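What's counted below: heavy atoms across the whole structure, side chains too, no hydrogens, waters or symmetry copies. Note that the coordinates shown come from a computational prediction; the quantities given were computed from them, not determined experimentally.
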Amino acid sequence: MATNTLFSSTTARLRDRRVNLDHRATASRAVRASLVSLAGLIGAPVTNQAGAEVGRLADVVARLYGPDPYPPMTGLILRIGRRRAFLPAEAIGRLGAGHVRLRASRVDLRDFQRRPGEVLLARDVLDHQLVDVDGVQVTRAADLYLAPLVGRVVLVGVDVSLPTLLRRLGPRRWQARPTPERVLDWQSFAPFGEQATEGPAEVRLRASRSALHQLRPADLADILEDLGRNERQQLLGWLEPEQAADALEEMEPAELENLLREARPEHAARLVDEMEPDEAADALRDLQPGERERLLERMPHGEAAELRGLLAHREGTAGGAMTTRLVTARLEQTVAEVRAELAAQAEHRTEIDAVVVLDTAGRLVADVPLFDLAVAEDSTPVTDLVAWLAQFGPPVTVSPDARLAKVADRLVAARKSSLLVVDEEDRPLGRILADDILDALLPERGRLHFRRFLQ
């Protein structure tokens, strides 16, 4: 029962993710009816026009890194005894399920030399790591599908389903049987780099800025966690630093620790510098002291000093979990002026849920929720807003050395989404948000990676 549920949910997931756009080859019924399974071709007999067997198919060569939306097949690798020979695509008459027929009785077999942009589909792509742009996940190709298109044979689709993987383990007659209902269009995938002539070909998200900006930080975090070491460093290099930092903040601590260790220190330092202060401090705290210092030395002096101050607080305290990202206001300002300052901090919106009002000595006067700022008139003086809020009592604060369990109790009692952390003279040091407390108190929650189980 569990196995049937697993198979049906996998098939349903792939069906839901399929993008049936008219400009994609796999949306054509003719193309789907003529699909040829790569897994079913490997080891198949290759015969000449007279019907005599020339050899057995060892691999299919395709130009994966060219300008074509669907990589064209450029030839076949044949196994003839102990020899492996190359047969150009123009010599192939028919490519069918489990069989290849040549155009002539006599064929020109050459020694294979891979040209720029070419890959061996079975060796370099089948069963290798892929990023599914439409499904936003890292997976592996259980099968690849070829089909005739505009006078040549091209790679049109990928199958990543578990049933197809099991089909390949079955009898030979099953292996050559394509499954069009599970095919994902090749345009959902793209190559990782231009070095196809040297080593295996992984695939990547498209380098298009628009495609990358459509992904949520949590989606990018999932992809980064599931990619191999080289691939995720390459993906990080394509992202804008701010977008990469947002994704890093969503990663599991152990995965983030590994990523920072793998990256060049200069690149890792820049990424940590772009993270929110509390998230950056958490990331640095997980590193060894020497590793941590190497990154801090490569950051701007001001940012490094701020992070050193956060790291000086003990883990499990308000000071160790707070963010130093504060928006402050003075009593003589108007609501319109405060809103303008908030607009300038839009990129940090997830870290800001209130504005801190200070007196001339920098001490806390009030903590004004964003809702109250939103409904107030532009011309309203901040001092009037503070006077109106005084009826609800003074701001709820905690000291930097307060344990997080105590902070959580105060947060619940006050019915707030954040609390201010202040020093002995009531000067704000930072803000601790509800999600920061959850991160610290429930570190084992994690994100489920069901696809890792499937792989």
### Task
Return yes when atom CD of Glu53 has more than 12 non-hydrogen atoms of other residues, nucleotides or ligands closer than 6.0 Å, and no otherwise.
yes
Note to self: Surrounding CZ of Arg83 (heavy atoms of other residues, nucleotides or ligands, distance under 6.0 Å), is the total greater than 12?
What the structure shows: yes
Please determine whether a side-chain nitrogen of the Lys or Arg among [X] and [Y] lies less than 4.0 Å from a carboxylate oxygen of the Asp or Glu.
X: Glu250; Y: Arg216; value: no
X: Arg292; Y: Asp286; value: no
X: Asp282; Y: Arg285; value: yes

Requested in this report: Check each of Glu351, Glu276, Gln345 against Arg325 using the side chain to side chain donor-acceptor pair (under 3.5 Å) test, and report the only one that passes.
Outcome: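 Per the side chain to side chain donor-acceptor pair (under 3.5 Å) rule, the option paired with Arg325 is Glu276, out of Glu351, Glu276, Gln345.
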Please name the residue in the list Glu90, Glu118, Arg63, Arg114 that meets the side chain to side chain donor-acceptor pair (under 3.5 Å) test with Thr74.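 The single option meeting the side chain to side chain donor-acceptor pair (under 3.5 Å) with Thr74 is Glu118.
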inquiry  = Go through it in stages, so that I can follow the logic: the residues are Leu295 and Leu287, the test is side chain to side chain contact (heavy atoms under 4.5 Å, CB included), and I'd like the CA-CA distance, side-chain angles, deciding distance and then a yes or no.
reply    = CA-CA 10 Å; Leu295 298 190; Leu287 299 176; 3.7 Å; yes
Any donor and acceptor pair, going by atom type alone, linking the side chain of [X] with main-chain N or O of [Y] inside 3.5 Å?
X: Arg339; Y: Ala374; result: yes
X: Glu225; Y: Glu252; result: yes
X: Gln233; Y: Leu259; result: yes
X: Arg232; Y: Leu224; result: yes
X: Arg415; Y: Leu411; result: no
X: Asp143; Y: Ala39; result: yes
X: Arg101; Y: Gln49; result: yes
X: Asn48; Y: Gly51; result: yes
X: Glu291; Y: Arg261; result: no
X: Arg103; Y: Ile92; result: yes

- Of Leu433, Thr323, Val327, Leu326, which meets side chain to side chain contact (heavy atoms under 4.5 Å, CB included) against Ile352?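 Between Ile352 and the candidates, side chain to side chain contact (heavy atoms under 4.5 Å, CB included) is satisfied uniquely by Val327.
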Nearest-0.5 Å distance, CD of residue Glu306 to NE2 of residue His301
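It comes to 12.0 Å.
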The reported gap from CG in Asp435 to OG1 in Thr350 (rounded to nearest 0.5 angstrom) is 7.5 Å
Can Val61 and Ile77 be said to form a side chain to side chain contact (heavy atoms under 4.5 Å, CB included), step by step?
CA-CA 7 Å; Val61 185; Ile77 303 294; 3.8 Å; yes
List the steps, then state whether side-chain hydrogen bond (donor to acceptor under 3.5 Å, both in side chains) holds for Ser417 with Asp353. CA-CA 8 Å; Ser417 59; Asp353 68 347; 2.3 Å; yes
Item to complete: Could you walk me through whether Val356 and Arg431 pass side chain to side chain contact (heavy atoms under 4.5 Å, CB included), step by step?
Response: CA-CA 10 Å; Val356 184; Arg431 183 181 298 279; 3.5 Å; yes
